[in-house]
Participant: 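Quick one: the structure is below, questions incoming.
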Amino acid sequence: MSTNCIFTICSKNYLAQALTLKESAQKHETDTDFFIFLADLGTEDIKEIEYEPLDESWIPSWKEMAFKYNVIEFNTSIKPFCFKKLFNQGYEKVTYLDPDMFVTDKLDYLWDNLDKYSIILTPHISCCKVDFNGAQTEKSILSCGIFNLGFASIKNDNVGRNIVEWWCVRLKDQCYDDGPLFVDQKWMNFIPVFFPEQVLVSHHFGLNVAIWNLHERELLIENGRYKVKNMETGEIFPLLVFHFSGFDPFNDKVINRRHSQFGVDIYPSFKPIIQEYKSLEYKNGYDKYSRLSYALNEFSNGFVIMPLHRRLYRATLPEFRDDNPFSADGCFYKNLEKSKLIAHEKNKGARYKNEFAEKSKSTYIHYFQILARLFKRIVGIKFYCKILNSASKLCQLENHTFLMQNMKNVDKNMFFTMTNEKN
């Protein structure tokens, strides 16, 4: 067993990315162990893949977490538990990489720096620019966290174990993508404050290169190796890890589908690595695995779990904590059934498809605006504003517990907020 290891986390539909990452990591890190943690249930479709399954021996509340969290929240929530498991197995230095990352060189920079530091983090951006021209705005970075937790390297020492244990406690109940939180990521804003001498905020421009920092960097190829140039200083770094966040191999002209205006025409130097990664993704089964459904998106009878169900479970957790929320024979499911809150549809994908995403949003918005103007004319602006205030709270799915029957211990008149949530 090596003293160093790398791991990633994914659901079944991201296995092609995880296998591509594994292949690239093992190419450059021949003496480093690699693990895929599956945030999903194994099926016959993936029996040929070696992975670490969910188990109560190392993540005791995984079923509760898998139900109250959506697929992205759950994938990120188990991260510190994976670190803890690997620490307990005896690994001294552990690196997490998102499944859509691609290793292009040896990672000695990480292992060597973990001799001096307990944790290494990468900020989304590294340069102070008065005229900011990045794909992801500074405001959006503030909302999702200073550091990108698609990467984290932690040493198995007193500080590293302290960070991981603290992170486990926080993410067990507070890994939502709403309110002041952004899944596992914003929690790391605390780390340089807690441990100023033990944290390395990396300014290696070849580590965690992604859409949010491409405006700072230029990709070069020298003697067959990828290099990254700091556009501000001209300093050259070896490219260690490229982060293909939001990449769609069906549209390789766009680097990130959420920022389609920033494609290879804007950053042409990155075209070679995009083509290389695309071909490896297909080789590693993208056509097959990307079509697999998320097994934790259905009840035991196969009916789909809707976002409303997850948030109602979150809001009523004290009532159903001892119940298995996935079971069609459980108390939570029976309450939903009795309250006529079950959509009798089968699970068809990684996430429940919102009807608004299937049709033209602009059409719905147009008709809503017509009705809103008519309503305002009838009731007056003062009452209209009061209605808007209440409606904004009702838009939070947790505040619909009034739809459930026989909830004696839940105050249906109290609005649920992040501040009144109980751990």
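Along the sequence shown, the residues carry numbers beginning at 1.
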Participant: Please state whether the rings of Phe194 and Trp166 are parallel, tilted or perpendicular, taking 30° and 60° as the class boundaries.
Facilitator: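 Geometry flag for Trp166 against Phe194: perpendicular rings.
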
Participant: For Ser153 and Ile119, indicate whether the former's side chain and the latter's backbone hold a donor-acceptor pair under 3.5 Å.
Facilitator: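 It does not hold such a pair.
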
Participant: Kindly say whether Tyr69 contributes a backbone atom to a donor-acceptor pair with the side chain of Arg310 at under 3.5 angstrom?
Facilitator: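 Yes, because the side chain of Arg310 sits within donor-acceptor range (under 3.5 Å) of the backbone of Tyr69.
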
Participant: Taking the six-membered ring for Trp and the full ring for Phe, Tyr or His, determine whether the centres of Phe37 and Phe7 are under 6.0 Å apart.
Facilitator: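 Yes - the distance between ring centres of Phe37 and Phe7 falls below the 6.0 Å cut-off.
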
Participant: Can you confirm whether the side chains of Tyr14 and Thr8 place a donor and an acceptor under 3.5 Å from each other?
Facilitator: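 Side chains of Tyr14 and Thr8: no pair found under 3.5 Å.
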
Participant: Quick one: sort the Phe383 and Phe375 rings into parallel, tilted or perpendicular, breaks at 30° and 60°.
Facilitator: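 Phe383 and Phe375: tilted rings.
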
Participant: Could you tell me whether the side chain of Lys155 and the main chain of Leu114 form a donor-acceptor pair under 3.5 Å?
Facilitator: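 Yes, the answer is positive, given that a donor and an acceptor are paired below the 3.5 Å cut-off.
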
Participant: State, without any angle test, whether Tyr289 and Glu281 hold a side-chain donor-acceptor pair at a distance under 3.5 Å.
Facilitator: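 No donor-acceptor contact under 3.5 Å links the two side chains.
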
Participant: Is the ring centre of Phe83 less than 6.0 Å from the ring centre of Tyr96?
Facilitator: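 Distance test on ring centres: not under 6.0 Å, no.
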
Participant: Is it the case that the side chain of Glu216 and the backbone of Met231 share a donor-acceptor pair, with hydrogens and angles ignored and the cut-off at 3.5 Å?
Facilitator: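 Not a single qualifying donor-acceptor pair exists.
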
Participant: Lys84 side chain to Val164 main-chain N or O, any donor-acceptor pair under 3.5 Å?
Facilitator: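 No.
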
Participant: Could you list the residues that satisfy ring pair (Phe, Tyr, Trp, His ring centres under 6.0 Å) with Phe195, not counting sequence neighbours?
Facilitator: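 Counting only residues at least two positions away or on another chain, Phe195 forms no ring pair (Phe, Tyr, Trp, His ring centres under 6.0 Å).
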
Participant: So, Glu64 and Lys68, do they make that salt bridge, N to O below 4.0 Å?
Facilitator: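 Salt bridge present between Glu64 and Lys68.
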
Participant: Is it the case that the side chain of His124 and the backbone of Gly145 share a donor-acceptor pair, with hydrogens and angles ignored and the cut-off at 3.5 Å?
Facilitator: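 Yes, the answer is positive, given that a donor and an acceptor are paired below the 3.5 Å cut-off.
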
Participant: Might you work through the ring pair (Phe, Tyr, Trp, His ring centres under 6.0 Å) test for Phe326 and Tyr333, ending with a clear yes or no?
Facilitator: CA-CA 8 Å; Phe326 290 98; Tyr333 181 89; over 10 Å; no

Participant: Judged by atom type as modelled, is there a donor-acceptor pair below 3.5 Å linking the side chain of Asp40 to the main-chain atoms of Ala295?
Facilitator: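 Such a contact is found between Asp40 side chain and Ala295 backbone.
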
Participant: Determine whether the side chains of Gln89 and Lys85 contain a donor N or O and an acceptor N or O closer than 3.5 Å.
Facilitator: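 Note: Gln89 and Lys85 side chains meet the donor-acceptor criterion.
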
Participant: Charged N to carboxylate O under 4.0 angstrom, Arg311 versus Glu73?
Facilitator: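 Here Arg311 pairs with Glu73 in a salt bridge, since their nearest N and O are under 4.0 Å apart.
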
Participant: Can you tell me how far CG of Asp323 sits from SG of Cys331, rounded to the nearest 0.5 angstrom?
Facilitator: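 Result: 5.0 Å between the selected atoms.
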
Participant: Can a salt bridge be assigned to the pair Lys334 and Glu337 using a cut-off of 4.0 Å between side-chain N and carboxylate O?
Facilitator: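 Between Glu337 and Lys334 there is no salt bridge, as every charged N stays at least 4.0 Å from the carboxylate O atoms.
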
Participant: Please check if the distance between the ring centroids of Phe332 and Phe67 is under 6.0 Å.
Facilitator: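 Between Phe67 and Phe332, which both carry aromatic rings, the centre distance is below 6.0 Å.
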
Participant: Taking ring pair (Phe, Tyr, Trp, His ring centres under 6.0 Å) as the test, write out the residues that go with Tyr91, two or more places apart.
Facilitator: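 Per chain and number, Tyr91 pairs via ring pair (Phe, Tyr, Trp, His ring centres under 6.0 Å) with Phe35.
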
Participant: What class does the angle between the rings of His243 and Trp212 fall in, given that below 30° is parallel, 30 to 60° is tilted and above 60° is perpendicular?
Facilitator: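 Taking Trp212 first and then His243, their aromatic rings stand perpendicular (interplane angle over 60°).
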
Participant: One thing to verify: whether Asp157 and Lys93 come together as a salt bridge, which I'm taking to mean a side-chain N less than 4.0 angstrom from a carboxylate O.
Facilitator: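 Result for this pair is no, no salt bridge flagged.
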
